[in-house]
2 protein chains.
Amino acid sequence: MTIRHVAERAGVSVATVSKVLNDRYGVAAATVDRVREVIEELGYESSLVARSLRNHRTNVIGVLVWDIEPFSAELLKGAAGAIRGTDYELVVYAGGGKGSGRLGWERRYLSRLSGTLIDGAVMVTPTVLDVDSGSPVVAVDPHSGRETVPTVDADNLQGGRIATDHLIGLGHRRIGFLGRPPRDLESGPLREAGYRAALADAGIPVDPQLVRAAGYDESDVRNAVHDLLSLPERPTAIFAANDVSAISTMEVAMAMGLRVPGDLSVIGFDNVPESMMTEPALTTVEQPIQLMGRLAVEMLLEMLAGREPAQRHVRLPTRLVTRASCAPLPGGPGLPDLADDARLPVQPRS
Amino acid sequence: MTIRHVAERAGVSVATVSKVLNDRYGVAAATVDRVREVIEELGYESSLVARSLRNHRTNVIGVLVWDIEPFSAELLKGAAGAIRGTDYELVVYAGGGKGSGRLGWERRYLSRLSGTLIDGAVMVTPTVLDVDSGSPVVAVDPHSGRETVPTVDADNLQGGRIATDHLIGLGHRRIGFLGRPPRDLESGPLREAGYRAALADAGIPVDPQLVRAAGYDESDVRNAVHDLLSLPERPTAIFAANDVSAISTMEVAMAMGLRVPGDLSVIGFDNVPESMMTEPALTTVEQPIQLMGRLAVEMLLEMLAGREPAQRHVRLPTRLVTRASCAPLPGGPGLPDLADDARLPVQPRS
DNA sequence: CTGAAAGCGCTAACAT
DNA sequence: ATGTTAGCGCTTTCAG
């Protein structure tokens with residue numbers, strides 16, 4: 001079904017059909033009607049691809065992700081929300097790192113899509129980002145390149161601090177940290193930095209034994225947890241700096257016969273999928289992920305409208321959500337004041 | 001950054017560059033190296049758009065959705081999972097019903113993308129689907145057209161039955177149903193049919209007063225709930241057949257001073273976002289949404305490989321997840337046997 | 001081994 | 001008012 005089929009069927013040239021499609025000047029009313037009829041009859045719609053090759057404006061904005069997992073999916077909801085009501089459409093491109101080359105998926109995806117297909121892009125958790133794309137780009141949670149490109153991210157440093165402070169406030173002193181090898185994302189190290197800062201402020205020395213990094217493999221994480229909990233002087237609390245390890249931590253602890261939070265308090269990070277939730281519910285530091293998506297798109301729309309966004313670097317606060325997985329250390333102080341925190345599951349809808 | 005820049009910089013023709021890009025025969029090794037170098041240096045990647053206009057194979061599969069909301073976002077995770085490990089890439093197109101014309105977004109999106117850009121598509125909750133696209137299509141949770149197109153859906157009829165049976169098993173007799181006007185999706189009416197069937201099997205007559213439909217507007221839903229709970233002989237339980245109304249039901253009930261589940265048992269449907277969750281946690285009939293996405297993509301990949309999918313119409317079972325929002329009716333029987341059900345929050349990870 | 005040229009579906013000058 | 005033509009970035013014959 002191409003524009004030529006329509007043209008032939010209507011007995012006009014493709015140019016005329018194109019004019020009708022784009023409400024251009026200089027087509028007789030009768031012709032317009034006839035062409036419209038044929039279009040309707042054939043159920044024709046112009047090819048986005050051909051059109052964007054020709055025009056350079058597509059009214060499509062792209063969200064470029066490595067993969068669709070809980071984090072990016074959450075972000076997409078926010079992005080979609082920001083687009084609703086505008087006359088832009090949304091294309092999500094999840095390349096999964098295909099199509100070899102080691103210049104980073106970020107640049108490759110952008111090269112592949114920008115200029116054609118999309119008018120601008122939101123890049124989700126890019127690692128390298130020395131991008132010089134023709135079209136506007138906003139990065140969410142980038143590792144580097146913060147100078148060149150407008151960004152939206154969450155306050156991971158503060159998040160790490162909040163989590164650790166909470167545990168300290170409960171009287172804990174031996175607090176484990178479970179993160180990831182620091183190579184790719186910046187967020188991990190920042191959470192660890194928050195952890196260290198909180199300990200330092202409380203005058204608690206960091207015990208290197210209590211700080212672990214585990215890879216993306218789940219068994220790797222479980223081993224690390226097991227190690228931590230097998231220490232002669234085991235931690236009374238663990239700050240697991242990503243969702244996977246938080247869940248694993250609770251599971252391993254319980255498998256080892258430890259009660260959570262009776263014997264071990266656990267605090268996590270990110271949007272832990274509730275469907276994965278074990279008993280008791282996990283205390284987490286939550287990032288406003290949907291909001292990040294929404295803001296990123298809003299910034300992009302500003303830029304597409306030719307305006308400079310109000311701020312080029314937005315950092316959103318994180319917040320602690322306390323649930324049943326943390327408890328005051330026996331002999332420590334009581335529950336800390338949580339005026340600023342939400343207490344789940346008794347959380348009113350916003 | 002086009003192929004011509006590369007060609008000029010390397011001192012060859014665009015044809016040669018193209019050959020290098022596609023590993024074609026007949027380019028001198030030295031030339032290949034030079035071109036590769038330039039490509040690397042310039043960070044060039046061929047335009048997906050231009051390429052797909054020329055070739056008809058793109059190795060991209062499309063998921064076409066009206067909008068990205070909790071349901072489709074969940075589905076996308078499953079779809080992405082199915083694509084991981086294949087050499088296909090994923091493009092999600094969320095048009096939001098833009099670009100007028102009343103031939104249904106489904107056909108329009110397909111027209112716009114298929115043939116070019118994507119090799120095949122998964123259509124999410126299409127309403128009309130008399131599609132005759134050139135490329136393979138799988139529909140998830142379609143309203144009609146089940147005959148023509150391969151489909152994946154959930155067993156909404158059985159879901160409605162399960163939910164209602166559960167309440168009946170708890171001793172409830174006055175069970176309200178809160179659905180949506182039946183115009184668009186088929187799933188709503190099916191859930192209602194399940195409700196009616198369960199009541200019929202239990203010999204409980206349907207009280208028309210207890211069956212309500214409310215639109216998509218939240219205030220609409222709240223009014224409906226309020227009406228239900230203001231009846232002289234109010235229901236002791238409500239089956240809210242979609243996520244929005246389930247949450248609203250609990251909130252309105254509590255606002256009216258009713259305890260859940262003490263005074264009113266509530267059971268919902270779908271993937272109620274836990275972040276919206278109130279106290280107590282909501283009992284739901286869960287659909288295997290991610291799984292639907294995964295299966296749809298797997299079917300599509302089969303078709304793209306030229307094979308006929310094992311089944312053209314897959315219907316997945318729904319399951320009850322019992323939480324704290326339902327209670328036995330005083331004077332009724334005890335808790336029914338839930339051997340087949342999961343009991344949250346004490347749910348082991350799968 | 002390399003390049004010139006045609007054409008994918010479409011739009012925008014430029015004829016007619 | 002309509003049609004002809006060139007060209008968007010790319011791949012693919014087909015000559016050189």
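Residue numbers begin at 1 in each chain, while the letters A, B, ... track the order of the sequences. These figures come from a predicted structure and were not determined experimentally.
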Which heavy atom of [X] sits nearest to which heavy atom of [Y], and what is that distance?
{"X": "B:Ala7", "Y": "B:Val14", "result": "CB-N, 3.7 Å"}
{"X": "A:Tyr44", "Y": "A:Thr2", "result": "CE1-C, 3.5 Å"}
{"X": "A:Met299", "Y": "A:Arg312", "result": "CE-O, 3.6 Å"}
{"X": "A:Arg107", "Y": "B:Gly43", "result": "NH2-CA, 3.2 Å"}
{"X": "A:Leu316", "Y": "A:Pro288", "result": "CB-CG, 3.7 Å"}
{"X": "A:Pro126", "Y": "A:Met123", "result": "CD-O, 3.7 Å"}

Residues touching DNA chain C, which here means a heavy atom under 4.0 Å, drawn from residues 47-59 of chain B: B:Leu53, B:Arg54
Please list, in numerical order, the residues of residues 1-10 of chain A that have a heavy atom closer than 4.0 Å to any atom of DNA chain C. A:Thr2, A:Ile3
Phosphate OP1/OP2 of [N] contacted by [X] side-chain N/O (<4.0 Å):
{"X": "B:Ser46", "N": "D:dC10", "answer": "no"}
{"X": "B:Tyr44", "N": "D:dC10", "answer": "yes"}
{"X": "B:Ser18", "N": "D:dT12", "answer": "no"}
{"X": "B:Arg24", "N": "D:dT12", "answer": "yes"}

Enumerate the residue pairs fulfilling salt bridge (charged side-chain N to carboxylate O under 4.0 Å, His left out) with a member in residues 54-64 of chain B, sequence neighbours excluded, ordered by first and then second residue. B:Arg57-B:Asp119
Is [X] salt-bridged to [Y], cutoff N-O under 4.0 Å?
{"X": "B:Asp217", "Y": "B:Arg180", "result": "no"}
{"X": "A:Arg294", "Y": "A:Glu298", "result": "yes"}
{"X": "B:Glu89", "Y": "A:Arg112", "result": "yes"}
{"X": "B:Lys77", "Y": "B:Glu74", "result": "yes"}

Could you tell me, to 10°, how much the axis swings from one end of the helix from C:dC1-D:dG16 to C:dT16-D:dA1 to the other, five pairs per end? 50°
With a sphere of 6.0 Å drawn around CZ of A:Arg9, does it hold more than 12 non-hydrogen atoms of other residues, nucleotides or ligands? no
For the pair made of [atom1] in [X] and [atom2] in [N], what is the distance, rounded to whole Å?
{"X": "B:Asn22", "N": "D:dT13", "atom1": "CG", "atom2": "P", "result": "12 Å"}
{"X": "B:Leu21", "N": "D:dG9", "atom1": "CG", "atom2": "P", "result": "15 Å"}
{"X": "A:Asp33", "N": "D:dA1", "atom1": "CG", "atom2": "P", "result": "14 Å"}
{"X": "B:Glu45", "N": "D:dG9", "atom1": "CD", "atom2": "C1'", "result": "14 Å"}

If you round to the nearest 0.5 Å, how far is OG of B:Ser187 from NE2 of B:His143? 10.0 Å
Find the distance between CG (B:Asp141) and CG (B:Asn156) and round it off to the nearest 0.5 Å. 6.0 Å
Listing time: all N or O pairs from protein to nucleotides 14-16 of chain D that are below 3.5 Å?
none

Check the pair B:Thr151 / B:Val140 against side-chain contact (heavy atoms from CB on, under 4.5 Å), numbers first and verdict last. CA-CA 6 Å; B:Thr151 58; B:Val140 175; over 6 Å; no
B:Tyr88 versus B:Leu301: any side-chain heavy-atom pair under 4.5 Å? yes
Can you pull the contact range of chain B along DNA chain C, 5' to 3', using atoms under 4.0 angstrom from its heavy atoms? C:dC1 to C:dG9
5' precedence on DNA chain C between A:Val17 and B:Ala15 (nearest-nucleotide basis): B:Ala15
